[in-house]
Amino acid sequence: MANPTGWKPDLEAGAAPVAQEEVGLGHATRGLSFEEGLLFERGSRGRIGVSLPPRGNDGDPASEIPAALLRAEVEGMPEVGELEVVRHFTRLSSWNWGIDTGFYPLGSCTMKYNPKSSEALARLPGFAEVHPLAHPSMAQGALELMYRLERALSEISGFAATTLAPAAGAQGELCGLMLIRAYHVARGNPRKKVLIPDTAHGTNPASSALNGYQVVPVKSGEDGRLHPEAVRAAMDDDVAAIMITNPNTLGIFESHIAEIAEIVHAKGGLVYGDGANMNALLGMARPGDMGFDVMQFNLHKTFATPHGGGGPGSGPVAVKEQLLPFLPLPLVVREGERYRLVTDPAERPQTVGKLREFWGNFGMFVRAWALIRELGPEGLRRTAQLAVLNANYARALLKDTYDLPYATDSLHEVVFTDKNLKPTGVTTMDVAKRLIDHGFHPPTVYFPLVVHGALMIEPTETESKETIERFCAAMRAIAAEAAERPEAVKAAPVKPVRARLDETRAARKPVLRWTPDMKVE
Amino acid sequence: MANPTGWKPDLEAGAAPVAQEEVGLGHATRGLSFEEGLLFERGSRGRIGVSLPPRGNDGDPASEIPAALLRAEVEGMPEVGELEVVRHFTRLSSWNWGIDTGFYPLGSCTMKYNPKSSEALARLPGFAEVHPLAHPSMAQGALELMYRLERALSEISGFAATTLAPAAGAQGELCGLMLIRAYHVARGNPRKKVLIPDTAHGTNPASSALNGYQVVPVKSGEDGRLHPEAVRAAMDDDVAAIMITNPNTLGIFESHIAEIAEIVHAKGGLVYGDGANMNALLGMARPGDMGFDVMQFNLHKTFATPHGGGGPGSGPVAVKEQLLPFLPLPLVVREGERYRLVTDPAERPQTVGKLREFWGNFGMFVRAWALIRELGPEGLRRTAQLAVLNANYARALLKDTYDLPYATDSLHEVVFTDKNLKPTGVTTMDVAKRLIDHGFHPPTVYFPLVVHGALMIEPTETESKETIERFCAAMRAIAAEAAERPEAVKAAPVKPVRARLDETRAARKPVLRWTPDMKVE
Amino acid sequence: MRYHPHTEGDVREMLDAAGAKSLDDLFRSIPAPLRLNRPLEVPPPADEVTLLAELRRLAARNDAQHPPFVGAGAYPHHVPPAVDQLLLRGEFFTAYTPYQPEISQGTLQALFEWQTFVCLLTGLQVANASMYDGASATAEAALLATRVTGRSKVVVSAAVHPEYRKVLATYLRSSGDVIVTVPFGADGRTDLAALSAAVDEETAAVIVGYPNFLGVVDALPQAAAAAHAKGALCVSVTTEAVALGLLQGPGALGADVAVGTFQSFGNPVSFGGPAPGFFALREEHLRQMPGRVCGATVDKQGRRGFVLTLSTREQHIRRERATSNICTNAGLCALASTIHLALLGKQGLAELARVNYARGRVLTEAMARQGFRRAFSGPVFNEMAFEVGDAEAVVERLAGRGLAAGAPLGRFYPDDPKMKGALLCVATELHTPELIDLFAKAVRS
Amino acid sequence: MRYHPHTEGDVREMLDAAGAKSLDDLFRSIPAPLRLNRPLEVPPPADEVTLLAELRRLAARNDAQHPPFVGAGAYPHHVPPAVDQLLLRGEFFTAYTPYQPEISQGTLQALFEWQTFVCLLTGLQVANASMYDGASATAEAALLATRVTGRSKVVVSAAVHPEYRKVLATYLRSSGDVIVTVPFGADGRTDLAALSAAVDEETAAVIVGYPNFLGVVDALPQAAAAAHAKGALCVSVTTEAVALGLLQGPGALGADVAVGTFQSFGNPVSFGGPAPGFFALREEHLRQMPGRVCGATVDKQGRRGFVLTLSTREQHIRRERATSNICTNAGLCALASTIHLALLGKQGLAELARVNYARGRVLTEAMARQGFRRAFSGPVFNEMAFEVGDAEAVVERLAGRGLAAGAPLGRFYPDDPKMKGALLCVATELHTPELIDLFAKAVRS
Ligand SMILES: Cc1ncc(COP(=O)(O)O)c(C=O)c1O
Ligand SMILES: Cc1ncc(COP(=O)(O)O)c(C=O)c1O
């Protein structure tokens, strides 16, 4: 398909000439930046970046604490003034890429815009400074917010109730599997195995193993879907559950889900839903209506809570009635006009217990609730529709250039491969790095594992038509460049402060912290 | 003098090799950046970046307001979503230079660190959301803060009282001259002239003219100081006042100030102090003790209130007893435990009136007070001492390389020239631009006007010894480079997103706003 | 001290290099008798924890629980959190006037966008990079008019913000220019007959509010006609810039200069300051414009970029012959307005203005239900005066309930007895119908 | 909708390109019966003004006027505003796991600095890029010990945070590993006799708090000795990391693994989450470490840079054979801690710890003046339990006065009657002596 915006990607280092014609388009170029050493390599004895209240003359620790347990200072700590610290992190940040920097189509991670109003709200003293052990009468607002969020998540997913406790998606998986185990144990047999499609995310098998289950991979079909036969073949009385991501990591809806659920249920197994891709279904369909017995949310993806640098996340788990008794603590309940947390196992004798300290990542609850509140029913539905529209638009703009391993309909993301580039020697990794020079964050690469050289593109609903067009134009330009000048693609990226980094070396001679004699070259 | 840090400035485009040896030193290099068009060149009909409350069906403006005065929409406005706006300004900011980016020795501007805690404080709803016309009982905290700040500024400068009203230094000058005029008028003759040394900042003569005074320049001496003879020669009964910046814009203390004040006072004139350089005197000396009758502060300089992009400022004016009756309104007064604003001229019949709407730049008062409160008496004194130490250290490190037009002692800033570079054809402007490639903001250039090719360096007290050393090493490296490769210096800067800009063109064919058919090339 | 990076060792080495014996020795150029030989009498240093606690206590003594019902030049509006989070980026926040364009393109392009916004909203061709505030911008407009026309009389409507008129008087006192104030009628609009009578061949400018201080949409076209009939410039003054999302740009109605404040866009009321004054005018008067201005140009490689330009008008070049003495302006405030306007966009601005108009109606009706009628019959935007009996007493009483009630017009027009009972109130998107109703009832009792 | 940039025209063109008739048509792969054909039952959309007002009301119903006197795993500390203003920079805040190192050097170097800080404070050689929280980090430490030793028994002190022990139990339930809990003595320290008795050749790990849940500086060296005597690993758990500015690093005292939370550095209590769990251990166990880890390397041009490394331990490569299932961690919280620790530096950390110790003394004395003695005789840092009679009643009563009083230990040790009267309280740099005195008096009556 043609190039709707007529945007010209920039193949030389200096984007300027092109940029001039296309000034509106956030073209990549190079600008002034800074080398910045480690904190531990700067500063000078005696500097300080804080201003602390006086100690007063109340007691010398040595009179109470055994000398052997005391230290005068922590060796190696930097000594830097506030201005130097501000400059240090300001400069480090300038080497980074965030959603606020540009397009971030990292498949499976749903990198959508993180609303600024949510940040203002999470910082209100009434939220940020309330202690988890404060008397409930001092935290009614926090408890009501948790209650409303729990109700909304249960409704959105179509389940009876939701625990907000899990700290991230993977812990949500672990939690869900614990509930499944508890359910089976209550029926006299924990069972041994968990069925996991080959398209599944790595956390699925890892969470299963961590929960003492043996993982049985199930191959998905030519169409990228899981097929009833495959499940039927693998299903037996030792299978505790099947873990299904729907839509799956290929962005494909598991349309046989209902039948598969029947097969599993018929043998007494349960169906776990990995809800990381829930963004595709908001208001359009509910896992609870498809035969799933339990699923986790990834609030930090679907509900746009910031997780810079890798976290924090939040992985609430929603369940059907039969799993209610086993939910971890706490639960938030409403009693008349009051809200309280159920934390005493005596109230919930069958609970699997606690998954983390206190009540969950409350700061994320505030943000997720704020987004749900602003979107409302129509907005949630529209979110899924536009997320899917964007992925399908990208698919349409790229399918003639890149190999599409599965012709099946895509929902919120689409997976391509580097197959067409084989003759040029250019790989998925090279394409990813060259995209950086064009001013785009690369898609997720080499995942899912079932796809060789996968390029997994998830635009999310917060990106505009033009952005997707420019990204696809860059993708096509790279394919063209691969044919003419493969070495240029392989040399990428050339614009950031660092070229490709030697990952093998990092793993062979690990240097994982600063030491005075540290040398890396 | 040698190179204390042994820091090697970077003469090539890519700082990397050098940076590697000197990783701690915030070396300049190039990194990924973005071209970004104007807001008006992007977006698409129907996009919106805000979320507004419903209008309700309360009345159609057309039924009340004449149709001729209404418009359906403002033509040409952009239509952009919130994410696009966030990216737009995030990218624009990355082309900028702030104190948080690096060293900013812009002479006469006192670019010191702007405390982050002051920002947290100025944003407290109790400060940011209180209305200037709210009943005093609803604003006691704001009034007390203004009162305390007024007292502190009067003590720091050695005057009887201070008006917080002026919006910036220049308006402070205007205010001070109005007080002087009112004082003379009250004595029957406004007088005609104001004496201004040739080293003065442009706002001094401009403010004088704006206040109806004729400007009489006074030459300063070989030593960069104003001499009694010169003043005596120019002083007569038509002179309303003399405006003196002390230390002056050469960073030199006007040591004859007392005698000069006597000369002026003897002829019935008053002495105005331009307090823009107050940072040099905090806790060390007070203009009020030197013969000044009135002076303005530049809170945004001396007291670190942020003024990104050119403002806002705040220019409180302190006066001696004899000028009290003329102070502009409002005045903040304490009555027992209550505070109130005097706004009614009936209470102050001789007031010069009002200089700006409401009570002054209150947001700046909060920040300035916070800094004074944190520094205390010792901290204020230390501020001046270290500011002067830094300037003298820079002077010591550069005096063998760059021409020092005045051997006289320096206080908070030092002025060099490009004289020594004459043979190479490299000018002050070239040096300034080349400094950018080394990762430093250039000093103030070509000011004061009495110095040909001036390079005016004001490090401020918040900069470290190493930073000054690295800056001076870069300055010396540029001098060396000028001798060997002058064209390289003249080609600078090469690292930012833009090379030198054509200022003549900008002035010849002014393009001062976006228009649909705008073309700039 | 966290802001002073100098260790004792640093100080010693630096003193040696500078050839000074001690820190005090560095000040030897200050004659001993002029030195301060005692500590300053200011409070002792406060650590950050104490500092924040102390100022939080001060802030807590300002009652901001409800949005104020008073505008009168400072308008309570919603500022999207995105504005402040972008504004706080150090590269913007800790920069200064963009003297070095190669490393100031962010500030410069934003200023260029600000100038464009000002032009679009005012309907004029050029604008500067901001002024201190609306009042001094108004005074500078009058001065510009005297320079352009070579005349010395300024005719100003009594319905222009009284504080702006006070500042105008202060600025003009020394110039010998005369200020003639013309009254407004029962509709709150400038008395056009009186205006025409006042304008003559000596008149440099006619200044009217749009909307004016009484919240009334004044007769700008007629005022402009009266000015132009005698060769004077028409200056329009806008304090509530949101109104320009609903009203025609003053330039389109004959104003030659438009000034005021954009505080309503992105800037909190902050007890009255800071806020960005704006200044727009017809291209022909460009060389007389005060303040900084940003212009587009190209760099050595032909790439578009921005610089401060036309500086030959300014104090740092022209000194006593400059068009103004302004140097530092209100850059950050202008940036906040620019970001807010970018978020609003065409639809958002139009809608925000209509929401504000609608809330004004809600307030009018709520007050009517309590038996308070408007003091002026002219058309209004979101602000209007009501007859409430003793306005000062109402303000005092409502303060006790945490409500900033309004501006008693008697305070601004002390010589006009009719004004004693008039209370100028505002309603914006921040005032819900419920709160407005609560307010109206509170005014009643 | 401000977050949805699609105009109707965009949607139509995109649908055409995608060969779909309507937005719903894009979901044709979802069998009709599985689709939702009604609107979700969640509240209607709220505009930003309404949203902020509504959530401000909710926040106002949480009483945070005074710093809480309770820590128990979440400590009220001053967070310098510089931390949050840097944290909010979009390049950090809206990034994710640094999968593309060339454009993630900011995150990566900050993580490398975090890992270094964790190592310096714990006295161990390696650390990972953060865990969910202290509790799951403790559980992962136990699992690591079982992998390293091939043993299946975990001995844990009853003085380790009860919530951490609950999570430990939850994590180990399916593995068949046994958990043996050993009591603490009247001094609040782990009962060493009982500990030695419990540790045997089957023991994989000995887990003790440092300081422990009772605020007491436990006998870590002896516990480590007991563990090592039987070839077990010693795991130290720290919830109040500020203590490590005063106490020896656990690694220096024999701990093989140190876990806990750095919430105290740069992270508000936020009703219990999020906060950065930390995980440090001896180099020899590196390959068994859970979670992400950042390492230094060079780029093609030989310039130093950072990458995520040793990923062969992780789920995305190893899947069911991974050392842990953790993927998303607590990156931003770790960054906040890193910035705060950078500001503190060597002196600041030492001083902050000593201020906290001193405030603990002030609290002890204030409580003593009111006749409340410490419940345990062991040495403490800034947290300690007092005998107050009915602890739950005190907490309820003080809530009425806006004071979060403390953690009633009876709630955490229901089976131990001695605990009923014990109230665990904390005092930090946020608690002024005046406030502490007010608190102690309030506890009295
Ligand atoms: C499909 C899928 N499942 C599970 C996860 C794990 O979620 P988290 O990273 O929040 O633990 C992710 C995200 O990484 C994912 O993409
Ligand atoms: C010496 C001097 N005087 C006066 C001023 C004017 O102050 P302001 O820019 O705040 O109007 C300045 C700053 O530009 C200055 O450096």
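Not measured: the values here are computed from a predicted model. To find a chain, count down the sequence lines: A is the first, B the second, and so on, and within it residues start at 1.
- Of the residues considered (C/G345, C/G348, C/P81, C/A53), C/P81 shows the highest number of contacts with chain D, using heavy-atom pairs under 4.5 Å.
- Counting heavy-atom pairs under 4.5 Å between each of C/A60, C/G90, C/P80 and chain D puts C/P80 at the top.
- At a threshold of 4.0 Å, the pair C/R12-C/E8 does not count as salt-bridged, since none of the basic side-chain nitrogens sits closer than that to a carboxylate oxygen.
- For C/L343, no part lies under 4.5 angstrom from a heavy atom of chain D.
- Shown here for D/A336 and D/V83, the closest heavy-atom pair between the two residues is O-CG1, 3.7 Å.
- What you find for C/F117 and C/A342 is that their closest heavy atoms are CZ-N, 3.8 Å.
- Electrostatic pairing of C/R89 and D/E91 counts as a salt bridge here, judged by a charged N lying under 4.0 Å from a carboxylate O.
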